Amino acid sequence: GAASATGVSGAASATGDSGAASATGRHCVALGSGGNSRAMATDGNALCLVNRADDGSIRHIRAAKCGDAGIEAGVWYRLNEAGEFERCED
C-alpha cells in the first residue's frame, strides 16, 4: 500500500510488503516498516525505514531528516541489508 503525510506534523505509515510512504507536508514523517518498503521526504520532513530478514524479523531500522545523512528531497529510499539508505531506482 501507499501512505502520504501532506498536512502539518503528520505521519505516513506503509506497513505492508513493498509499501511506499511519503512526507510532503510540513514537519512530517514517512515510515516504511514492511519488507522491501520505501520512503520519501521533502525539505523539513523526515523518513524512517526498516530492513527485514526473510523471516520478517527486523534486521535494521534507521531514520533521518531530509538534508541529513545524504537524504535528498523528493528522492525515494530503501534501507539495504547493511542498514544504509539507498536510492530506489524503480
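Source: prediction; values computed, not measured.
Remark: Ser33 pairs with no residue by the side-chain hydrogen bond (donor to acceptor under 3.5 Å, both in side chains) rule, at least two apart or across chains. Residues that satisfy the salt bridge (Lys or Arg N to Asp or Glu O under 4.0 Å) test with Glu84, not counting sequence neighbours, are absent from this structure. Under the side chain to side chain contact (heavy atoms under 4.5 Å, CB included) criterion, Asp17 pairs with no residue, sequence neighbours left out. Not a single side-chain hydrogen bond (donor to acceptor under 3.5 Å, both in side chains) links Glu86 to another residue, sequence neighbours left out. With sequence neighbours left out, the side-chain hydrogen bond (donor to acceptor under 3.5 Å, both in side chains) criterion links Arg62 to no other residue.
Ser37 approaches Gly34 most closely through the heavy-atom pair OG-O, 3.0 Å. The two residues Ala14 and Ala3 have their closest heavy-atom pair at N-CB, 4.5 Å. Contact record, Arg38 with Arg78: CB-CG, 4.0 Å, taken as the closest heavy-atom pair.
Hydrophobic clustering (side-chain heavy atoms under 4.5 Å, transitive across Ile, Leu, Val, Met, Phe, Trp, Tyr) keeps Trp76 apart from Phe85.
A donor-acceptor pair is defined here as one N or O able to donate and one able to accept, closer than 3.5 Å; no such pair exists between the side chain of Tyr77 and the backbone of Ala41. Proximity of a side-chain donor or acceptor of Asn51 to a complementary backbone N or O of Leu79 within less than 3.5 Å is detected.
Rounding to the nearest 0.5 Å gives a distance of 12.5 Å between CD1 of Ile71 and CE of Met40. Atom CG of residue Asp43 and atom NZ of residue Lys65 lie 11.0 Å apart, to the nearest 0.5 angstrom.
A 6.0 Å sphere centred on CG of Asp68 holds more than 12 heavy atoms belonging to other residues, nucleotides or ligands.
The side-chain heavy atoms of Thr42 and Cys66, taken from C-beta on, include no pair separated by under 4.5 Å. Taking 4.5 Å as the limit, some side-chain heavy atom of Arg52 sits within range of a side-chain heavy atom of Ile58.
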Acceptor/donor pairs from residues 21-31 side chains to any protein atom, 3.5 angstrom cut, sequence neighbours excluded:
unit_1 : atom_1 : unit_2 : atom_2 : d
Ser22  : OG     : Ser4   : OG     : 3.1

